[in-house]
There are 2 protein chains.
Amino acid sequence: MDAAERLITSTQELLWERGYVGTSPKAIQQRAGAGQGSMYHHFTGKPDLARAAIDRSATELRALAEEKFAGPGSAYDRIAAYLRRDRDVLRGCRVGRLTQDPDVVANPELREPLEETLSWLRGRISGLIAEGVAAGEFRPELVPDDVAAALVAVVQGGYVLARSADDPALFTRAVEGALTLLGGRR
Amino acid sequence: MDAAERLITSTQELLWERGYVGTSPKAIQQRAGAGQGSMYHHFTGKPDLARAAIDRSATELRALAEEKFAGPGSAYDRIAAYLRRDRDVLRGCRVGRLTQDPDVVANPELREPLEETLSWLRGRISGLIAEGVAAGEFRPELVPDDVAAALVAVVQGGYVLARSADDPALFTRAVEGALTLLGGRR
DNA sequence: GTCTATAAGCCGATAGAC
DNA sequence: GTCTATCGGCTTATAGAC
């Protein structure tokens, strides 16, 4: 693994753990085992490197989600598989957490991959809801885009609850509550 | 308003805007119009002042929520009133956002008010769900604690969605989706 | 109570040698 | 490509005068 690559993965880790404001070039360099010169040779600065790292994390997240969305079973089954997928809950969401970073949200270059990822997620789930409604699996009054937003929000908010109490079980509670509300094969 | 008071409210604002890691004593002092000496006279340091500010924000949040929970109408009505209450959505949650701050979560003194607040919120909503189930207003299979966690998560996650897209409407989508799923007076 | 002075170290970056 | 040197400014205090 070359230096540029190590810088990106180290930045991914630090952004996940400490956010953008809490991550310094120095910390990135130390974790990557690279010097100042190396970092500023490969990237124009902290925002440039962060963008590369966020893009990488976004791609990883989509792949993990798609694995469940494309799995077997009914629309409900696939949504449930996504919501219940193995997560290191107390670490939070590698993409969603950056939403709380003022310097990320204020910078269109850095916010773009966040918006794209969460938008894709909503769209993917919305399609499954529509599919389930058409199949008579879900109540017909469900508005796919709204329900999808609610489900994505439950995941993001589940992390918040879990971290506030230092207890992953609260994430599970929120997800199970949402699945009961969704109520498949009524 | 004396200096100690101005320091607390300034810290509340900055924690809300920039989080704990992103808020420096210097920035607090400038916003409060107070000097170094003043701040370190009234508080032992940044964590001490932050704790006072977080306690204050937590109290404010509970009061705003209780206003809706204690309002008129059925259980569904009161939950809907809470979920739909006026919010400056793009600012995020003054309490929930601190959950993403590694230095807050790592410090039991700072995490405590977060846990208490979100726990109280879940408990309050759980009680309303149980009330609604008993009244035949909600489906009997709803598990109050789980549904309450899901609804609190929708609010916290709604902020995430809205901030990711710089669009408050996504918060509204998530909340309306959740209310449809909850489906009062079935 | 509030002020100013001082501190060691980090922040994000640039410059130029190798 | 990577290294070291240097930069002005910020960080989180502490000390002591007023």
Side-chain angles (χ1 to χ4, degrees), chain A residues 1-56 97-98 100-111, chain B residues 1-56 97-98 100-111:
Chain A
M1 198 154 89
D2 63 357
E5 201 58 28
R6 291 198 313 276
L7 284 163
I8 290 177
T9 56
S10 297
T11 305
Q12 284 186 271
E13 292 170 14
L14 283 164
L15 287 180
W16 198 348
E17 289 167 26
R18 307 200 39 85
Y20 184 81
V21 170
T23 296
S24 70
K26 184 176 191 177
I28 293 168
Q29 292 152 22
Q30 282 174 345
R31 189 169 297 209
Q36 305 253 79
S38 181
M39 176 184 141
Y40 284 101
H41 171 74
H42 293 290
F43 302 94
T44 66
K46 180 178 165 177
D48 186 37
L49 175 49
R51 171 65 199 242
I54 296 173
D55 280 341
R56 189 72 65 88
R97 75 141 295 155
L98 296 171
Q100 302 301 325
D101 236 304
D103 293 0
V104 169
V105 168
N107 183 338
E109 295 269 305
L110 296 180
R111 189 172 59 76
Chain B
M1 196 154 89
D2 63 359
E5 201 57 29
R6 291 199 312 277
L7 283 162
I8 291 177
T9 56
S10 297
T11 304
Q12 284 185 271
E13 292 170 15
L14 284 164
L15 288 180
W16 197 350
E17 289 167 25
R18 308 201 38 85
Y20 183 82
V21 170
T23 296
S24 71
K26 184 177 192 176
I28 293 168
Q29 292 152 24
Q30 283 174 344
R31 188 170 298 208
Q36 304 254 80
S38 182
M39 176 183 142
Y40 284 100
H41 171 74
H42 293 289
F43 303 94
T44 66
K46 180 178 165 178
D48 186 38
L49 174 49
R51 171 65 199 241
I54 295 173
D55 279 343
R56 189 72 65 86
R97 76 141 294 156
L98 296 172
Q100 302 302 324
D101 236 302
D103 293 0
V104 169
V105 169
N107 183 338
E109 294 270 304
L110 297 179
R111 189 171 59 77

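Below, all heavy atoms of this structure are taken into account, side chains as well, without hydrogens, waters or symmetry copies.
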Measure from [atom1] on [X] to [atom2] on [N] and round the result to the nearest Å.
X: B:R18; N: D:dC10; atom1: CZ; atom2: C1'; value: 13 Å
X: A:Y40; N: D:dA5; atom1: OH; atom2: P; value: 18 Å
X: A:K26; N: D:dT4; atom1: NZ; atom2: P; value: 13 Å
X: B:Q36; N: D:dA15; atom1: CD; atom2: C1'; value: 12 Å
X: B:M39; N: D:dT11; atom1: CE; atom2: C1'; value: 11 Å
X: B:L49; N: D:dA13; atom1: CG; atom2: P; value: 11 Å
X: B:F43; N: D:dT14; atom1: CZ; atom2: C1'; value: 18 Å
X: B:Q30; N: D:dG9; atom1: CD; atom2: P; value: 14 Å

Which is the 5'-most and which the 3'-most nucleotide of DNA chain C that has an atom under 4.0 Å from a heavy atom of chain A?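 Listed 5' to 3', the contact boundaries are C:dC10 to C:dT14.
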Output the distance between atom CD1 (A:I28) and atom CD (A:E13), rounded to the nearest 0.5 Å.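 With rounding to 0.5 Å, CD1 (A:I28) is 11.0 Å from CD (A:E13).
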Has the side chain of [X] got a donor or acceptor atom that lies under 3.5 Å from a matching backbone atom of [Y]?
X: B:R31; Y: B:S10; answer: no
X: B:R6; Y: B:M1; answer: yes
X: B:T11; Y: B:L49; answer: no

Could you check B:G35 against A:P47 and say which one's nearest nucleotide on DNA chain C is further toward the 5' end? B:G35
Is there a side-chain contact between B:Y20 and B:I54 (heavy atoms, below 4.5 Å)? no
Applying salt bridge (Lys or Arg N to Asp or Glu O under 4.0 Å), can you list everything that pairs with A:D55, at least two apart in sequence or on another chain? A:R51
